[in-house]
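Data first, discussion second: the structure below is written as structure tokens.
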Amino acid sequence: MSKFKKNLFTLLTTVLLLSCNQDPIPTTSSFVVTPGDIVVSNITNDSVVLYSSDGDFKRVLYDVQNNAEVPYGVGWKHDTLEVMVAVDGSDRVMGISAIDGSTRTIIQSASLSGSIRGVTQLVDGSILIAESNGVEKFTTDGVRVTDGFPINGGINNVENVFAKSDGGFIVCARGGDVVRTYQSDGTMDDSTASGIGGTTDGYGCTELDDGNIVTAWSGGTDTIAFYDSGLNDAGYSYNDSSTLPSPRGVAQLENGNIIAADATYHHLVEIDSTTGEFVGILASSGLSTPNQIVVIPDFL
């Protein structure tokens, strides 16, 4: 074999060996956000904090760093793997990457001029924002959708929106004390009032893995209520003013149980999702008037 051929053979062999021994492409987050983590918005100290699935404080995820804005709502943007934060004041939706922690503005629109509250992304990628007495809709790129939206009527003082697995969504509101389910185009499916005596406001709502719906009612009798998918009473609930006198956001943990934020004692209460029984206090460190909650799904 000639010297040229030997050198060529050596070069090709080296290239093949190197290509076979490349480091694998990372598939996990280089940031601190991992599946099962709990994200909570804090109204008093204007921050969004991150906890492990066991309730251990991890870090402050986002802070507006001024007194003119409040991060009210949190949600998960599944197509770009970002935590969404609905900010009231300079009304907008921020995105914090679960991969590298970078921050960007997802939505900032002149149409958002009321009281910004909850935020969620539907199965089809569109984003819903709870604002004052209605629900606004945007594309995943932040373009406002006006076909069938905004939704108004009977949902005054909307506190939160949550995407359902069937493509629709849930709305909970303080005005009228109602929780409602909608199709993705804004057509209402079901509606129910709290059924609790006195003034009772709907602050938090979520869909469970089994299709049941949970709502946090705060007021006359503070209750975490469980419903079936048609918003019929599931037959059990949780209320205990010694642990949860001011329920706000609710979410389903990785273990299947429910957590509810309490704005009086500044902690998260864990509740059995099948019986409505008290499990324990999951987290308190770093909370100051906790409001809405989102649990990070498995994105790895």
Side-chain angles (χ1 to χ4, degrees), residues 29-78 80-109 112-121 127-132 138 142 159-162 203-204 246-251 253 259-269 281-297 299:
S29 171
S30 60
F31 193 49
V32 293
V33 178
T34 57
D37 280 355
I38 304 163
V39 180
V40 187
S41 61
N42 280 309
I43 292 179
T44 300
N45 62 14
D46 303 335
S47 66
V48 176
V49 290
L50 182 71
Y51 298 87
S52 71
S53 58
D54 296 323
D56 296 325
F57 178 83
K58 295 180 72 171
R59 64 169 291 166
V60 173
L61 194 62
Y62 181 74
D63 192 336
V64 294
Q65 297 182 334
N66 64 72
N67 294 323
E69 300 176 336
V70 179
Y72 268 93
V74 287
W76 176 248
K77 195 169 187 296
H78 54 77
T80 54
L81 306 183
E82 292 173 291
V83 174
M84 295 186 293
V85 180
V87 180
D88 187 50
S90 178
D91 299 340
R92 65 190 186 278
V93 174
M94 301 298 297
I96 298 94
S97 172
I99 304 302
D100 59 18
S102 59
T103 302
R104 70 183 179 105
T105 300
I106 298 174
I107 298 170
Q108 189 154 30
S109 169
L112 298 177
S113 57
S115 300
I116 302 299
R117 293 298 184 258
V119 61
T120 194
Q121 185 179 41
I127 298 172
L128 301 183
I129 303 172
E131 183 194 29
S132 294
F138 293 82
E159 283 294 326
N160 201 27
V161 287
F162 187 84
Y203 272 98
S246 303
R248 292 297 185 261
V250 289
L253 292 168
I259 48 170
D262 183 73
T264 294
Y265 293 133
H266 313 289
H267 60 203
L268 303 181
V269 177
I281 304 301
L282 188 68
S284 59
S285 174
L287 294 176
S288 181
T289 316
N291 192 47
Q292 296 297 340
I293 311 171
V294 65
V295 174
I296 305 300
F299 63 89

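All values below were derived from every heavy atom in this structure, side-chain atoms included, with hydrogens, water molecules and symmetry-related copies excluded.
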Do I129 and V161 have side-chain heavy atoms sitting under 4.5 Å apart? no
Would you give the length of the straight line joining atom CZ of F138 to atom CD of Q108, rounded to the nearest 0.5 angstrom? 10.5 Å
Within this structure, what is the OG1-CZ distance for the pair T289 and R248, rounded to the nearest 0.5 Å? 8.5 Å
Side chain E131, main chain S113, donor-acceptor under 3.5 Å: yes
Could you pull out all residues at least two apart from D91 that satisfy salt bridge (Lys or Arg N to Asp or Glu O under 4.0 Å)? none
Taking the inter-plane angle between the rings of F57 and Y51 on a 0 to 90° scale, is it parallel (under 30°), tilted (30 to 60°) or perpendicular (over 60°)? perpendicular
How far apart are the closest heavy atoms of G286 and N45, and which atoms are they? O-ND2, 4.1 Å
With a 4.5 Å limit on heavy-atom distance, are the side chains of T34 and K58 in contact? yes
Hey, what do you get for OH (Y203) to CG (N160), rounding to the nearest 0.5 Å? 12.5 Å
From L50 atom CG to R59 atom CZ, the distance as rounded to the nearest 0.5 Å: 8.0 Å
Full working for side chain to side chain contact (heavy atoms under 4.5 Å, CB included) between I281 and V269: CA-CA 5 Å; I281 304 301; V269 177; 3.9 Å; yes
Can you measure from CG (L287) to OG1 (T44) and round to the nearest 0.5 angstrom? 10.5 Å
Within a strict 4.5 Å, meaning less than it, do heavy atoms of the L282 and L253 side chains meet? yes
Under the side chain to side chain contact (heavy atoms under 4.5 Å, CB included) rule, what do I296 and V39 come out as? Steps first, then yes or no, please. CA-CA 8 Å; I296 305 300; V39 180; 3.9 Å; yes
Donor-acceptor side-chain pairing of S52 and D54 below 3.5 angstrom: no
Non-neighbouring partners of E82 that pass salt bridge (Lys or Arg N to Asp or Glu O under 4.0 Å), sequence neighbours left out: R104
For S115, is there any backbone N or O sitting under 3.5 Å from a side-chain donor or acceptor partner on S132? yes
Residue pair N66, D46: steps toward the side chain to side chain contact (heavy atoms under 4.5 Å, CB included) verdict: CA-CA 8 Å; N66 64 72; D46 303 335; 5.9 Å; no
Nearest non-hydrogen partners of G55 and A283, listed with the distance: O-CB, 3.5 Å
Closest non-hydrogen contact found for S41 with G73 is OG-N, 4.5 Å
Please examine the side chains of L61 and V33, heavy atoms only from C-beta on, and report whether any two atoms are closer than 4.5 Å. yes
Atom OG1 of T103 and atom CE of M94: how far apart are they, to the nearest 0.5 Å? 6.0 Å
Is there a side-chain contact between V85 and Y72, using heavy atoms and a 4.5 Å cut-off? no
Side chains of Y62 and V83 in contact at under 4.5 Å (non-hydrogen atoms): no
Has the side chain of N291 got a donor or acceptor atom that lies under 3.5 Å from a matching backbone atom of N42? no
Minimum heavy-atom distance between H78 and Q121, given as atom pair plus value: N-OE1, 2.7 Å
Can you find a pair of side-chain heavy atoms, one from P290 and one from H266, that are under 4.5 Å apart? yes
So, are R92 and E69 salt-bridged, with charged N and O less than 4.0 Å apart? yes
I38 vs I293, test: side chain to side chain contact (heavy atoms under 4.5 Å, CB included). Steps then yes/no. CA-CA 7 Å; I38 304 163; I293 311 171; 3.7 Å; yes
Identify the heavy atoms of D37 and S53 that sit nearest to each other, and give their distance. OD1-N, 4.1 Å
Do V70 and V64 come within less than 4.5 Å of each other through their side chains, counting heavy atoms only? no
